[in-house]
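We're numbering straight along the sequence, starting at 1.
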Amino acid sequence: MNRVRCLVLNAALGPLDYRVPDGMEVEPGSVVECPLGPRTVIGIVWEAERLPGTEVPAEKLRPLRDVLPVPPLSAPLRRLIEWTADYYVASMAGVARMALSSGGALKGPATMTEYRLTGGMPERLTPQRLAAMEALEGEQANIRELAGLAGVSEGVLRGLVNQGVLEPVEVDCDRPYDEARPDFAHVELSPQQAEASATFAEAVRKGEFAPFLLDGVTGSGKTETYFEPVAEALRMGRQVLVLLPEIALTENFLHRFEERFGAAPVLWHSSLKSTERRRAYRAVASGSAQVVVGARSALFLPFRKLGLIVVDEAHEVSFKQEDGVRYNARDVAVMRAHFEKVPVVLASATPALESLQMAESGIYTKIDLPSRFGGAELPAIDTIDLTQEKPPHGMWLAQRLVDGIEERLARGEQSLLFLNRRGYAPLTLCRNCGFRFQCPNCSAWLVEHRFSRRLACHHCGHETPSPNACPECGEPDCLVACGPGVERIADEVAERLPDARVFVATSDTLNSPGKAAEFIALVGAGEIDVIVGTQLVTKGFHFPELTLVGVVDADLGLEGGDLRAGERTYQQVAQVAGRAGRGSKPGEVLIQTRHPEASVIAALAAGDRDAFYSAETEGRRHAGAPPFGRWAAIIISSEDDAEAREAANRLGAFRPQVDDCQILGPAPAPMALLRGRYRYRFLINSRRSVQLQDVIRGWLRQVDHPPGVRVAVDVDPYSFV
Ligand code: ADP
Ligand code: ZN
């Protein structure tokens with residue numbers, strides 16, 4: 001009897017059994033179309049013994065409809081899906097969906113029609129047509145994309161097609177990518193770099209699971225160092241996955257990659273067009289995509305012959321997914337390497353405590369790059385005690401910091417001011433009646449954005465034009481901005497140093513790879529004197545003329561009850577400090593704080609990383625926090641407050657009693673209202689010996705909830721809101 005068990009992409013359903021019709025060939029991993037009632041759903045053939053389900057009598061089995069024309073998901077990927085679902089208490093269907101992330105790709109090979117200029121002229125040359133023809137010089141894309149590029153309607157372009165000015169071209173959706181060549185350029189590594197990269201390359205040749213922590217100070221050349229094992233994998237005909245935290249800012253990385261390998265890597269991130277997605281997906285699955293550079297979702301792509309995984313800036317919180325399946329890409333990357341039997345390199349100048357602890361206990365091999373490449377010195381760091389050196393009234397920068405910027409201006413050097421707050425001011429209130437602008441959907445204040453003249457919620461995206469009068473008391477001109485955001489700091493710099501050319505660098509202004517590239521070019525050409533930026537500017541930038549970094553408010557990150565607040569502040573400040581003095585000129589860092597005595601700030605000022613990590617380690621050990629104990633959060637939410645509260649209380653009544661496992665809550669979550677949903681939270685803290693996931697699964701199974709209630713489990717949470 002030819003029956004198979006399938007994992008269907010529907011979280012509400014368990015595994016389902018089907019009959020394989022005569023003549024159809026399937027194996028575990030095959031992607032198939034399964035009949036379900038009157039519908040068809042996509043499923044993956046799975047090993048029945050790994051996916052327990054209820055036996056259905058043979059005569060009741062329905063036949064599979066079809067096998068989709070993509071290679072079967074490999075056994076290592078299937079194991080990864082199982083592990084991820086199990087560890088993060090998620091549905092296997094939800095995880096599997098991440099592995100089948102291009103609907104188009106599943107449909108098989110295809111061609112599409114694109115258009116390009118022929119060189120011909122239209123009978124009537126309107127200004128619009130002329131503008132379109134100028135804009136489309138050298139371009140080839142579908143009509144919709146071309147219309148976007150040219151800034152005209154699709155109708156205008158259709159007219160040009162009819163006139164023979166644009167001609168159709170049939171394009172293979174799966175056309176191959178340019179070949180990356182392992183020996184395209186030779187890079188002379190420093191002895192330290194060479195030793196590290198030889199270790200990685202050896203691991204690639206061996207083809208075994210080998211986790212590495214590449215712990216190198218900022219500017220030590222971690223990228224050059226892991227490019228060598230990338231080359232080694234290419235020589236062996238293996239694929240490589242490089243995960244980067246902020247894909248919009250990969251410009252500099254892509255440039256270096258092309259210089260080294262003679263071709264661009266294959267990109268994978270959420271803003272790819274569906275045709276690009278499909279092409280990348282199919283190339284990954286066929287094995288022809290050699291190096292994939294991607295955001296965390298690239299982790300579940302169906303690589304055919306993976307040889308190496310690199311997670312760059314591995315400490316970054318953006319590797320943690322905060323909705324859907326709540327996984328940490330850094331940790332899942334290590335598991336993928338484990339199942340694929342390949343090495344994985346976690347690279348960082350400020351590793352997560354968890355990663356350092358893994359190295360300490362001998363599970364990861366730690367490789368150090370303790371000095372900057374080319375003899376550049378790490379910057380000198382000093383604190384400015386804001387209680388002693390008060391900024392002028394209504395301003396935020398101490399005189400010493402402004403003097404520092406002025407000196408750089410005089411020398412033609414650049415400064416960077418770091419404040420992790422977008423917009424102009426985090427709170428707006430009415431001087432007359434005390435009214436505060438709050439988001440209608442979230443427990444959060446609206447942030448004023450002066451560039452765009454709007455008040456915006458940074459949690460749900462709600463926006464409203466900035467009013468002139470108070471909506472509560474009607475008084476005109478009585479609204480005051482409280483506290484600074486980057487825009488306000490930029491205004492202050494412009495006021496105090498009128499000659500400075502200031503640029504605000506945030507996700508608002510650098511919201512596309514093009515804009516990021518423009519910004520990098522401007523700084524590189526010396527056309528910007530002062531950059532004011534959020535955490536976006538802490539990563540990856542290399543500006544040799546940047547010699548002063550000012551941290552506007554180092555205490556900001558320490559507010560709130562976040563378990564990792566100290567670590568995150570350390571990482572952010574150390575990373576932004578690492579932007580200073582990367583060329584031949586020495587760098588200086590000034591940290592503004594009200595608490596220079598706080599252990600994080602003191603360690604930063606003393607440049608004593610070990611002191612910070614050992615204090616933090618002791619703190620975590622004491623609190624039973626990761627990596628010494630485990631945390632998980634369960635968030636119960638509903639659009640109806642009473643419904644959410646009742647559901648949380650009902651679940652609370654079934655709380656399990658387990659040794660070494662403490663369950664706190666339910667309590668309103670710190671963000672009690674988020675995107676229109678009321679939220680209640682349980683926090684679970686256990687020893688490492690507890691099978692936390694089993695406890696949670698067993699508990700959640702006992703209670704059913706009305707359809708409006710959502711239950712989200714967050715294992716190893718990063719966000720405590
Ligand atoms: P990190 O990621 O460790 O902060 P990068 O990889 O960005 O450091 O390297 C810092 C700078 O030094 C970059 O401009 C890089 O091109 C340069 N660099 C590093 N190693 C080498 C090398 N072996 N040869 C030439 N340039 C190098
Ligand atoms: Zn909101």
Side-chain angles (χ1 to χ4, degrees), residues 386-387 390-398 401 417-496 502 504-509 532-536 550-562 565 568-569 572 592-595 668-679 719-721:
L386 290 177
T387 62
K390 289 198 176 86
H393 182 72
M395 303 214 176
W396 315 95
L397 304 176
L401 181 50
L417 294 176
F418 169 69
L419 176 65
N420 206 15
R421 220 191 241 146
R422 288 155 51 213
Y424 184 83
L427 167 66
T428 305
L429 55 76
C430 170
R431 203 188 303 119
N432 191 40
C433 73
F435 175 81
R436 296 166 171 219
F437 284 86
Q438 194 174 2
C439 177
N441 313 315
C442 305
S443 321
W445 307 125
L446 293 179
V447 179
E448 180 184 0
H449 284 250
R450 253 186 212 180
F451 290 167
S452 56
R453 293 166 181 237
R454 302 185 90 76
L455 295 169
C457 172
H458 288 178
H459 298 279
C460 71
H462 172 83
E463 279 194 349
T464 157
S466 299
N468 291 322
C470 173
E472 188 72 14
C473 67
E475 188 75 10
D477 301 321
C478 62
L479 300 177
V480 273
C482 299
V486 281
E487 293 179 6
R488 195 169 200 176
I489 298 299
D491 278 4
E492 181 177 333
V493 174
E495 191 180 324
R496 294 171 76 176
V502 186
V504 174
T506 68
S507 54
D508 298 314
T509 56
V532 186
T534 57
Q535 104 288 351
L536 210 61
V551 177
V552 175
D553 184 354
D555 309 332
L556 193 60
L558 293 173
E559 295 162 4
D562 188 333
R568 208 170 292 172
T569 297
Q572 269 182 355
Q592 298 199 132
T593 175
R594 273 176 201 81
H595 304 285
M671 289 284 291
L673 177 64
L674 182 63
R675 292 184 209 99
R677 301 184 70 84
Y678 293 87
R679 308 163 78 239
S719 158
F720 285 81
V721 301

Note, [X] side chain near [Y] side chain (heavy atom, < 4.5 Å):
X      : Y      : result
Phe451 : Val504 : yes
Cys439 : His459 : no
Leu397 : Val552 : yes
Arg422 : Val447 : no
Leu417 : Leu401 : yes
His449 : Glu463 : no
Phe435 : Cys473 : no
Leu446 : Thr428 : no

Enter the distance from [X]:[atom1] to [Y]:[atom2] here, rounded to the nearest 0.5 Å.
X      : Y      : atom1 : atom2 : answer
Thr593 : Leu558 : OG1   : CG    : 7.5 Å
Cys478 : Glu472 : SG    : CD    : 11.0 Å
Leu455 : Leu427 : CG    : CG    : 10.5 Å
Gln438 : Ser443 : CD    : OG    : 7.0 Å
Leu429 : Arg436 : CG    : CZ    : 5.5 Å
Asp491 : Met395 : CG    : CE    : 10.5 Å

What are the two closest non-hydrogen atoms of [X] and [Y], and how far apart are they?
X      : Y      : answer
Arg488 : Gly483 : NH1-O, 2.9 Å
Cys470 : Cys433 : SG-SG, 3.7 Å
Trp445 : Pro426 : CB-O, 3.5 Å

Check whether any side-chain N or O of [X] sits under 3.5 Å from a backbone N or O of [Y] as a donor-acceptor pair, and report yes or no.
X      : Y      : value
Asn468 : Pro476 : no
Gln592 : Ala398 : yes
Arg679 : Met671 : yes

Set of residues satisfying salt bridge (Lys or Arg N to Asp or Glu O under 4.0 Å) with respect to Arg594, sequence neighbours excluded: none

Qualifying salt bridge (Lys or Arg N to Asp or Glu O under 4.0 Å) pairs with a residue from residues 438-453, counting only residues at least two apart or across chains: Glu448-Arg450

